[in-house]
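Remarks on the structure that follows.
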Amino acid sequence: MTDTTNPRPALPDHLSTDPRSPHHAPAVFEFEIGILFNDKERFDVEEYCLSEGWIKVPANKTLDRKGKPLLIKIKGKVEAFYK
């Protein structure tokens, strides 16, 4: 059975997990989403852009001056989906 009372919103082209970002969409994070990068599922994606074909992931244990993980941008084929 499918739940029609709470439909899933469309996944945006650009999405970020950081609540301070203008690309953060809280309604999307009510559901579990997955990211395929070059046909492999990634679990460490902090931000993505489908149209430009990139993801941002943490660079090991490196932190920026505010204590947040330092992010690196990786280009490739990006697909987002609901699990």
Side-chain angles (χ1 to χ4, degrees):
M1 287 189 346
T2 59
D3 184 17
T4 58
T5 59
N6 195 3
R8 296 177 178 177
L11 286 170
D13 176 59
H14 191 154
L15 183 65
S16 174
T17 59
D18 185 8
R20 296 177 298 158
S21 171
H23 303 290
H24 182 75
V28 172
F29 291 110
E30 292 178 5
F31 304 96
E32 191 173 358
I33 63 171
I35 305 294
L36 285 177
F37 182 70
N38 292 336
D39 299 323
K40 294 181 184 173
E41 189 168 7
R42 295 286 300 247
F43 301 100
D44 59 348
V45 177
E46 296 285 328
E47 187 172 351
Y48 73 80
C49 184
L50 298 175
S51 62
E52 295 178 11
W54 55 260
I55 61 172
K56 286 188 179 180
V57 295
N60 295 330
K61 297 180 181 179
T62 308
L63 302 176
D64 66 4
R65 61 186 174 167
K66 296 179 182 177
K68 300 250 183 207
L70 189 65
L71 301 178
I72 57 173
K73 185 187 284 189
I74 306 172
K75 293 189 176 200
K77 180 182 167 189
V78 181
E79 297 176 39
F81 61 93
Y82 284 110
K83 290 186 178 181

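Any value given below was found using the heavy atoms of this structure, including those in side chains, with hydrogens, waters and symmetry copies removed.
Within the 4.5 Å cutoff, side-chain heavy atoms of D13 are placed close to those of C49. No side-chain heavy atom of Y48 sits less than 4.5 Å from a side-chain heavy atom of H23. Considering only heavy atoms from C-beta on, V45 stays 4.5 Å or farther from F37 through its side chain.
Atom CZ of F81 and atom CG of L11 lie 10.0 Å apart (nearest 0.5 Å). Going from atom NZ of K73 over to atom CD of E47 covers 8.0 Å, rounded to the nearest 0.5 Å. From L71, atom CG reaches atom OG1 of T17 across 8.0 Å, with rounding to the nearest 0.5 Å.
In the hydrophobic clustering of ILVMFWY residues, with side-chain heavy atoms under 4.5 Å counting as a link, F29 and V78 come out together. Under the 4.5 Å side-chain heavy-atom criterion for Ile, Leu, Val, Met, Phe, Trp and Tyr, I55 and L70 are members of distinct hydrophobic clusters. Placement of F31 and L50 within a single hydrophobic cluster is found when ILVMFWY residues are connected by side-chain heavy-atom separations under 4.5 Å, directly or transitively. Cluster membership for W54 and I35, using ILVMFWY side-chain heavy atoms within less than 4.5 angstrom, is not shared.
Other residues, nucleotides and ligands place more than 12 heavy atoms under 6.0 Å from the NZ atom of K83.
With respect to D18 and R20, a salt bridge is recorded, a charged nitrogen being found less than 4.0 Å from a carboxylate O. In summary, K68 and E46 do not engage in a salt bridge, as defined by a charged side-chain N under 4.0 Å from a carboxylate O.
With sequence neighbours excluded, the residues satisfying salt bridge (charged side-chain N to carboxylate O under 4.0 Å, His left out) with D39 are K77.
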Using side chain to side chain contact (heavy atoms under 4.5 Å, CB included), reason through I33 and L15 one step at a time and then give a plain yes or no. CA-CA 11 Å; I33 63 171; L15 183 65; 3.7 Å; yes
Walk me through it: do R8 and E30 pass the test side chain to side chain contact (heavy atoms under 4.5 Å, CB included)? CA-CA 9 Å; R8 296 177 178 177; E30 292 178 5; over 6 Å; no
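Between A27 and P9 the shortest heavy-atom distance is O-CG, 3.8 Å.
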